[in-house]
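First up is the structure itself, then whatever we jot down about it.
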Amino acid sequence: MSDTVVAPPGAPQDAGLRTGVMSGPELAAQAIANIAPSAVIAFTAAAIFLGAGNGTIYAFALATIVILCVGYCVVVFARKHASAGSLYTYVSKGLGPFGAFLAGVTLLIGCFGIAAASLSGSVSYMAQFLSMLGLPAQGLGWDIGLAIVLGGLATLFTIRGIRLSARVSLVLELLSVGIILILLIAALAWAGPAAWDPAQVLATGSSFQGIASGMVLGILGFVGFSSADALGREAKEPYKAIPRAIMWSALGVGVLYVFAAYTQIAVLGDDLATSASPLESMSALIGMPGWFAAVLTFGVSASFFAVVVAPLNVIGRIVYVMGKEGVVAERFGRTHEQHLTPHRVLIIAGAAAVAVDIVLLLSGAATGDILVWVNTWGTYGYMVAYALVAIACVVYTQRAKMRNGLVKVCATVAVVTMAYVFFANVWPVPAFPYNVIPYVFLVTVALALTRYAYLARRRPDVIARIGNTETSAMEGVG
C-alpha cells in the first residue's frame, strides 16, 4: 500500500471519486449485475444441455470452481491494494508496466463488449415486452430508438453517481432473479415427485468431453464477476468488502446456475434442447398466468440493462486511472465536480456502445446476432485479463515471500482453463462470423499496443507510473 505514485507533475487537481460510499451489498450488486445471471439462465443451460446432457449441472459446477480460482487470485491483490484500476492495477504488481497495460486494454475490451452486447439484448427483450403490451415495437426504427434511449439512460445513471447506478443495477437484477426464481420454484412444485431427477445427479448418458465443453459456456456466464475491484476508492472498508463481494457473488451465482439448470432439465427434459426460450416454455407448460410471460420478458430486459450499467462503471474508473498516470489524455483523469464520476469517459463509452449497435443494426444484423457477436469479442478480452492476473498473482506472492501454495494451484487452474476456453472457441474453426471474431480481437489489441510502444519510446516517465496509482494517490475532494 506504500507503492503509490502521484499524478503527473502539473496535472490539474480534479474533484476525485467519492470516498467510502459503497456498502457491501452495493459492491455485490456491481459484481452480480456485471454477470447478468438472469440473462445467462435464460439461454446458457439450454446451450450446455446440447452437449453435456444430464451432466449440465456439473458443467456449471466446474465453471464455478474455475471462476472461484480466478477470484482467489484477484482477492490476493484486493486485500492489499485498493484502486479504481481493477486488474490493470493488480497485474502491474506482478508483471510490470507492459503486463498492466495489456491487462487494462483487454479488460476494457471485455467491459465494452459486454456493455454493447447487453444493450442489444435489452433492446430485443424490451421490444418484445412492448409488443406484448400492444405497441408496434418491431422493426429497425424501434430497435435504433430503444438503443438510444436505453443506452442514454445507462450512461446517465453512471454519470449521476456510483451509488445510484449500483442501486439501479441491484433493484433490476433482484427483480429479474426474483421473477425467475418464482418460475423455477413453481415449476418444481408443479412437477411434484418427478422433480427428483437421479439421472442428473448421476450424469446418466453424459461424457466428460461433453461436460468439459459445457464448462466453457458456463465460464462465459461469469465474465465480469470481479468488477467490484474497480471501486477501491468508493467502497467502505475496501480491503475486506471487495474480496467478500467478489467471492460470495461468484459462489452465489454459481449455486443459482446449478439450481436453474437442474430445474429446467427436470421439467422440460429433452425439449430443453429445442426450445427457443426455455423459461417461456416452462411458464406455458406449468400453466402460469398469461401476464407472467410479459413480466418474465421485462425481467430479462432489465437484467441486460443492468449489465450495460455495470461494465460502464468499470470502464470509467480504469480509464480514469490511466488518465491520472498519463497513459491516456489527462482530461480523462478528472471527474465531474458535482457527481464525482469520470463523466468524460462514461459519455464516450456509452455513446460508443450505442453507435456499435446502430451500425450493426443498419448493416442488417438482428439484435440477437449483435448480442452474441459483440459478447464473444468482449469475452476474449476477459479471458486474457483473467489469465494475466493469475500469472501476476504467482509472481507477486513469490516476490513478497508470501505463502502461495493455494495461489499456484488456483493460478494453474485459471490459466489452463482460460487457454482451453480460447482454444475451444477457435478450433474446430467455427462458421462465419465466429471464425473472424478472434482475429478482430487480436487486431484491436495490436492497435492498442501501438500506444504502449509510443509511450515506451517517447514517455518513459509514463511507463514508470503504469498501474501504480492507488486510492491514496487520487487527490480530490470526493
Side-chain angles (χ1 to χ4, degrees), residues 34-37 39-40 43-52 55-74 87 91 102-103 105-114 117 206-227 246 250 253-254 257-258 261 311 371-394 409-431 433-442 444-445:
N34 220 324
I35 298 172
V40 174
F43 298 105
T44 307
I48 294 176
F49 181 75
L50 289 172
T56 297
I57 59 173
Y58 292 104
F60 271 120
L62 287 174
T64 303
I65 292 171
V66 171
I67 288 301
L68 289 173
C69 285
V70 177
Y72 182 75
C73 294
V74 175
L87 306 187
V91 171
L102 182 58
V105 165
T106 53
L107 186 58
L108 286 173
I109 290 172
C111 291
F112 180 77
I114 298 302
S206 61
S207 65
F208 175 77
Q209 182 178 359
I211 292 174
S213 298
M215 180 191 67
V216 171
L217 293 174
I219 289 172
L220 302 185
F222 283 92
V223 293
F225 79 102
S226 67
S227 62
I246 291 172
V253 169
Y257 285 166
V258 171
L371 170 62
V372 178
W373 297 347
V374 182
N375 190 61
T376 301
W377 173 75
T379 298
Y380 288 131
Y382 276 114
M383 295 299 102
V384 174
Y386 289 161
L388 287 171
V389 78
I391 296 170
C393 190
V394 174
V409 172
C410 289
T412 300
V413 170
V415 172
V416 170
T417 305
M418 294 307 123
Y420 174 70
V421 170
F422 195 93
F423 177 78
N425 279 273
V426 298
W427 188 265
V429 178
Y434 303 100
N435 59 330
V436 301
I437 292 176
Y439 301 100
V440 173
F441 167 72
L442 292 174
T444 309
V445 174

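Just so you know, residue 1 is the first one in the sequence shown, and it goes up from there. Every value quoted in this text rests on a predicted model; they were computed, and no experiment measured them. Every heavy atom of this structure was used, including side-chain atoms; hydrogens, water molecules and symmetry mates were not.
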By side chain to side chain contact (heavy atoms under 4.5 Å, CB included), which residues pair with Ala390, not counting sequence neighbours?
Cys73, Ala411, Ala414, Val415
Kindly write out the residues that satisfy side chain to side chain contact (heavy atoms under 4.5 Å, CB included) with Val372, not counting sequence neighbours, or none if the list is empty.
Thr376, Tyr434
Going by the rule side chain to side chain contact (heavy atoms under 4.5 Å, CB included), which residues pair with Thr444 if we only count those two or more places apart in sequence or in a different chain?
Ile109, Trp377, Val440
Given 3.5 Å as the limit, does a donor-acceptor pair link the side chain of Thr106 with the main chain of Leu102, or not?
yes
Those residues that, when tested against Tyr420, pass side chain to side chain contact (heavy atoms under 4.5 Å, CB included) (two or more places apart)
Ala212, Ser213, Met215, Val216
Taking all non-hydrogen atoms of both residues, which atom of Thr56 and which atom of Ala45 are closest, and how far apart?
CG2-O, 4.1 Å
Write down the atom of Val91, the atom of Ala103, and the distance for their closest heavy-atom approach.
CG2-CB, 3.7 Å
Restricting to non-hydrogen atoms, name the atom on Pro430 and the atom on Asn435 that form the minimum distance, rounded to 0.1 Å.
O-CB, 3.2 Å
What's the separation between atom CG in Leu220 and atom CG in Asn375, rounded to the nearest 0.5 Å?
7.5 Å
Roughly how far apart are Ile48 CD1 and Ser206 OG, rounded to 0.5 Å?
12.5 Å
If I compare all heavy atoms of Ala59 with all of Gly214, which pair ends up nearest, and what's the gap?
CB-C, 3.7 Å
Between the CD1 atom in Ile437 and the CG atom in Leu442, the distance rounded to the nearest 0.5 Å is 12.0 Å
Please report the shortest heavy-atom distance between Val40 and Ile35, naming the atom on each side.
CG2-O, 3.9 Å
By ring pair (Phe, Tyr, Trp, His ring centres under 6.0 Å), Phe422 pairs with (sequence neighbours left out) Tyr380
Sorted by chain and number, sequence neighbours left out, ring pair (Phe, Tyr, Trp, His ring centres under 6.0 Å) with Tyr386 holds for Phe225, Tyr382
Can any side-chain N or O of Tyr257 pair as donor or acceptor with the backbone N or O of Thr64 at less than 3.5 Å?
no
CZ on Phe222 to OG1 on Thr379, rounded to 0.5 Å
13.5 Å
Taking the side chain as C-beta and beyond, is there a heavy-atom pair between Met418 and Val70 under 4.5 Å?
yes
Interatomic distance, Ile246 atom CD1 to Leu68 atom CG [nearest 0.5 angstrom]
11.5 Å
Taking all heavy atoms of Val74 and all of Leu87, pick out the closest pair and write down the distance.
CG2-CD2, 3.9 Å
